[in-house]
Amino acid sequence: MAEIMKLDDAGQLDFDRETVEQAYDRWAPVYDLVFGGVFSKGRKAAIAATNKIGGRVLEVGVGTGISLPQYAPHLRIFGTDISEAMLRKAKHRVDDLSLKNVEGLAVMDAEKLEFPDNSFDVVMAQYVVTAVPNPEAALDEFARVLRPGGELIILTRVSADAGMRRFIEQRLQPVVRPLGFRTAEFAWSRYARWLAGANAMELIERRLVPPLGHFSLVRIRKTDAAVAA
Ligand SMILES: C[S@@+](CC[C@H](N)C(=O)[O-])C[C@H]1O[C@@H](n2cnc3c(N)ncnc32)[C@H](O)[C@@H]1O
């Protein structure tokens, strides 16, 4: 099947929504087997941080719902994803395990969340930001639907700024792109640039998580200054 790709502003081959959606529709049957174990420590840390805050949680890019059983029972979780096939798996999981704290699951683009402003205590995105065609647009949406005082918790790849790792990540990029991944273009400076331009968002934690130190757990708080804006 031909992959649909386009050039971004920098003239590089980039993702579009259809490519990503199709890639994850194909991953759905084997996703948990391939990525269940490898990302489990990171997910555990992100969910522990979420459970401490509690309240209403939006998990963007919830995928097969692999994290859903780990949320504390008193939370209310809404899961969204762009891939129907991934979400079907999540729905089966919710039904099979009778997860009463899952309030809903819906196909939704991270760049156009269909929720009013200030709707959630936590917005959570695990291994999603680098899979979205326009990550900054998605981060803007996460900030918008988060209530002042709430936390944005992301697990995400942080690429190398320089050196051999950067070289390898750039070489790998065209290979993994049709699979729905991006290895390069996500140096910490990119996240920092978004933070600097975002309204009333402050970094509270950035910590490496396995595997290989290529991923970080990042916690960002929406400050009360957002109320005045
Ligand atoms: C690497 S998987 C991570 C799944 C899950 N969060 C986990 O921890 O394993 C990336 C997920 O993001 C979803 N995704 C990619 N682009 C998206 C978008 N624009 N809006 C919503 N979900 C998206 C994919 O369909 C996929 O389920």
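Along the sequence shown, the residues carry numbers beginning at 1. Atoms within each ligand, like the ligands themselves, are counted from 1 in listed order.
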Tell me the contacting part of [X] for ligand 1: side chain, backbone, both, or neither, using a 4.0 Å heavy-atom threshold, strictly below.
| X | value |
| --- | --- |
| Y127 | both |
| Q126 | both |
| D109 | both |

Judging by distance only, is a nitrogen or oxygen of [X] under 3.5 angstrom from one on ligand 1?
| X | value |
| --- | --- |
| V128 | no |
| V62 | no |
| E111 | no |
| T80 | no |
| Y31 | yes |

- Task: Could you check if a side-chain atom of Y71 sits within less than 4.5 angstrom of a side-chain atom of I47, using non-hydrogen atoms only?
- Result: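 Counting from C-beta outward, Y71 and I47 do come under 4.5 Å.
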- Message: Does atom CD (E84) have a neighbourhood of more than 12 heavy atoms from anything else shown, all under 6.0 Å?
- Response: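 No.
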- Item | Nearest option to atom 6 (N) of ligand 1, as decided by whichever heavy atom of G61, G63, A46, A137 sits closest |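 Minimum heavy-atom distance to atom 6 (N) of ligand 1 goes to G61.
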- Are R144 and D140 ion-paired here, with the side-chain N under 4.0 Å from a carboxylate O?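 Salt bridge flag = no for D140 with R144.
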- Task: State plainly whether the residues R219 and E151 are in salt-bridge range, i.e. N to O under 4.0 Å.
- Result: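 So R219 pairs with E151 through a salt bridge.
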- Query: When you measure from the centre of the six-membered ring of F186, is the NZ or CZ of R190 under 6.0 Å away and within 45° of the axis?
  - Reply: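 Pair R190/F186 counts as cation-pi.
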- Exercise: do N118 and K222 side chains pair donor with acceptor under 3.5 Å: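 Their side chains do contain a donor-acceptor pair, which is all the 3.5 Å distance test asks for.
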- Not counting sequence neighbours, which residues clear ring pair (Phe, Tyr, Trp, His ring centres under 6.0 Å) with F142? List them please.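 Expected list: none.
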Considering only heavy atoms of [X], which atoms of ligand 1 have at least one such atom less than 4.0 Å away?
| X | value |
| --- | --- |
| A110 | 18 (C), 19 (N), 20 (N), 21 (C) |
| M108 | 20 (N), 21 (C) |
| V20 | 15 (C), 16 (N) |

- Message: Can you tell me if A131 contacts ligand 1 (heavy atom of the residue under 4.0 Å from the ligand)?
- Response: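 Within the 4.0 Å threshold, so yes.
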- Query: Are Y127 and F35 near enough that their ring centres are under 6.0 Å apart?
  - Reply: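 No.
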